[in-house]
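No experiment lies behind these values; they were computed from the predicted model shown.
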Amino acid sequence: MKDKRQLLERGKTLLILLLSCSALFLISRSGFFHGGTTLFGAKEEQGIVTATRPQEEGRGDIDVVPSGLLIQNQAGRYGIQYDTEKMSQLFEGNLGNRLREAVSGITSAKPISEEVFKETLLSGDSWVFYQFSSDIPLKELSAWLSGERENPSLSGSVSALLLQGDGDYVVLSYKNEEDGTYYSSEKVLSRDGQLLTILESFSPNGVTFAFEEKNVTALDPYAFVFTQMPQFNDYNVKNPFADLDTQEFRLLLSELSFNPKANSYQTNDTITVMEGLDRLYLFGDGTIKYEGRDRENPRYATVDTSRISQVEYAKWLLDTITADRLGDARVYLIRVAEMEDKIQVEFGYTLSGVPVQILGDNYGAQFAIQDGMVTDFTVKVRSYEKLESISPLLPLQQAIAAFGSYGQKEGTLQLSYLDLGKSTVASISWIAV
């Protein structure tokens with residue numbers, strides 16, 4: 001949450017605690033192309049294939065399904081996490097509709113203290129706590145939930161939302177991750193007043209928040225603590241471009257709006273494509289990097305320069321690049337950072353609802369957009385396949401002890417799948433962020 005975002009803004013230097021079998025990660029690096037230097041399309045074609053497309057084709061769907069749900073009713077607590085299929089079923093039904101209604105209906109919110117926020121969680125009242133994998137811009141979230149316009153009354157970013165019901169009304173509380181301030185909305189009229197009835201249908205399973213437990217200060221305060229951790233499968237990792245032939249390479253260029261016969265040359269395990277002022281690089285680990293410098297005829301350009309349009313365009317471009325190549329991974333929005341003259345949009349991958357670390361970075365794709373023009377992007381294209389084998393994971397208390405033995409004074413522990421950028425196996429581990 002806040003610590004995670006601060007780390008991203010400092011440069012994303014992560015201390016990774018390898019608390020599972022290191023033997024899984026000693027497989028040698030797979031090749032990308034074999035043989036010596038190869039030229040594709042030595043004759044450069046004139047003209048640039050631009051990415052100016054109808055608006056409906058430039059809007060990528062942003063996945064706003066929470067990573068976790070914690071529900072309190074009169075019987076106790078029910079929590080769910082790391083089960084993406086069941087999470088989607090719950091959210092696409094009543095629980096998603098109630099959040100959508102509340103976020104769309106807010107007209108004002110007042111600041112509250114962290115103590116008041118926690119007191120609400122500890123009270124006997126019924127509520128549902130929606131937890132996300134990252135900080136999401138609240139105004140854009142309202143549009144992605146409703147499928148309509150943004151709620152202009154909202155601002156800031158959230159990593160969790162707390163929804164309470166009181167008969168015909170609901171109240172939404174949250175922490176603005178941008179400045180650390182907690183808020184509680186005014187009462188929002190519920191269309192059917194059924195939130196309490198919906199929450200009573202869940203049977204308790206004993207899930208709590210980390211701040212309620214002793215000796216778990218290494219976790220984020222609002223992390224879920226389970227009486228028994230679920231088991232996690234290993235995932236086979238492949239570079240989908242490892243054996244790319246000439247025809248497939250030209251098809252890839254076409255997908256990326258490059259002329260299939262543009263000048264291309266290979267040095268070691270990197271292929272460089274040149275067309276006009278733009279450059280495209282395909283690295284041996286499956287990473288694609290783009291540098292766009294033609295402002296007169298931009299290859300990738302949004303319909304308008306609103307923040308939501310630029311984020312959706314970046315997601316659409318990511319979907320175009322990855323297509324059906326990701327396998328069992330899901331894409332989530334990590335952050336949207338506004339800089340002096342551009343915005344930076346980052347996406348990550350999850351496996352079984354757990355974020356993936358690729359070569360020490362938590363992002364799988366990064367886009368820089370200036371005035372609606374995509375000037376740069378980096379996409380780590382990977383393919384993940386769920387295996388039958390169970391990934392070894394240290395119990396929480398042992399992970400906390402190991403965390404302390406490294407002399408960590410700051411940061412928190414979180415679960416992550418580790419992808420070393422090779423064709424190998426990704427296993428789950430505790431990492432410090």
Side-chain angles (χ1 to χ4, degrees), residues 4 7 12-31 67-68 80-87 133-134 216 218-220 223-226 228-240 242 284-287 322 325-332 334 347-365 380-406 408 411-433:
K4 176 174 65 181
L7 180 66
K12 308 183 186 73
T13 301
L14 301 178
L15 172 62
I16 297 180
L17 304 179
L18 296 177
L19 303 174
S20 56
C21 282
S22 60
L24 293 174
F25 309 119
L26 298 179
I27 302 175
S28 60
R29 188 187 189 93
S30 62
S67 60
I80 179 174
Q81 202 170 19
Y82 315 124
D83 187 337
T84 53
E85 183 175 350
K86 189 171 184 179
M87 185 72 65
S133 297
S134 61
V216 291
L219 297 182
D220 182 273
F224 296 175
V225 178
F226 294 82
Q228 183 177 357
M229 285 291 290
Q231 291 185 323
F232 297 91
N233 293 76
D234 291 317
Y235 283 82
N236 190 40
V237 185
K238 291 184 179 179
N239 168 12
D285 60 1
T287 298
T322 56
R325 298 181 175 104
L326 291 179
D328 292 325
R330 295 181 65 165
V331 176
Y332 73 103
I334 293 179
F347 297 94
Y349 306 140
T350 63
L351 300 171
S352 300
V354 178
V356 180
Q357 291 276 332
I358 305 177
L359 290 172
D361 293 321
N362 71 329
Y363 70 86
K380 302 172 184 178
V381 187
R382 318 291 286 147
S383 180
Y384 299 96
E385 179 186 7
K386 191 174 184 177
L387 302 175
E388 294 295 329
S389 59
I390 300 301
S391 187
L393 178 68
L394 280 182
L396 176 59
Q397 291 301 328
Q398 292 185 34
I400 292 174
F403 180 74
S405 70
Y406 277 78
Q408 291 298 294
T412 58
L413 280 174
Q414 73 175 40
L415 287 175
S416 181
Y417 272 94
L418 304 180
D419 178 351
L420 297 189
K422 306 173 182 178
S423 296
T424 178
V425 174
S427 297
I428 199 165
S429 182
W430 294 102
I431 68 168
V433 297

Mind listing the closest non-hydrogen atom pair of [X] and [Y] along with its distance?
X: Q81; Y: M87; answer: CA-CE, 4.0 Å
X: G364; Y: Y349; answer: O-OH, 3.7 Å
X: I431; Y: S416; answer: CD1-CB, 3.8 Å
X: L418; Y: S429; answer: CD1-CB, 3.8 Å
X: W430; Y: L219; answer: CZ3-CD2, 4.2 Å
X: L420; Y: L359; answer: O-CD2, 2.9 Å

Query - Greater than 12 external heavy atoms within 6.0 Å of Q231's CD - result: no
Query raised in the report: Rounded to the nearest 0.5 Å, how far does CZ of F232 lie from CG of L415?
Result: 5.5 Å
Requested in this report: Working to the nearest 0.5 Å, report the span between CG of L413 and CD1 of I400.
Outcome: 6.5 Å
Query raised in the report: After noting the C-alpha distance and the side-chain angles of F347 and I334, does the key distance pass the side-chain contact (heavy atoms from CB on, under 4.5 Å) rule?
Result: CA-CA 5 Å; F347 297 94; I334 293 179; 5.6 Å; no
Quick one: does any side-chain atom of [X] pair with a main-chain N or O of [Y] as donor and acceptor, under 3.5 Å?
X: T84; Y: S352; result: no
X: D328; Y: L351; result: no
X: S383; Y: P240; result: no

Query raised in the report: Which of parallel (below 30°), tilted (30 to 60°) and perpendicular (above 60°) describes Y235 and Y417?
Result: perpendicular
Query raised in the report: Under 3.5 Å, is there a donor-acceptor pair linking the side chains of D234 and S389?
Result: yes
Report task. Carefully, step by step, assess Q414 and N362 under the rule side-chain contact (heavy atoms from CB on, under 4.5 Å). Result -> CA-CA 12 Å; Q414 73 175 40; N362 71 329; over 6 Å; no
Query - Partner residues of T350 under the side chain to side chain donor-acceptor pair (under 3.5 Å) criterion, sequence neighbours left out - result: none
**Report entry** Pairs satisfying salt bridge (Lys or Arg N to Asp or Glu O under 4.0 Å), at least one member in residues 380-397, at least two apart
**Finding:** D361-K380, R382-D419
**Report entry** Stepwise side-chain contact (heavy atoms from CB on, under 4.5 Å) check, D285 with I358
**Finding:** CA-CA 11 Å; D285 60 1; I358 305 177; over 6 Å; no
Query raised in the report: Side chains of I390 and N233: does their closest heavy-atom pair fall under 4.5 Å?
Result: yes
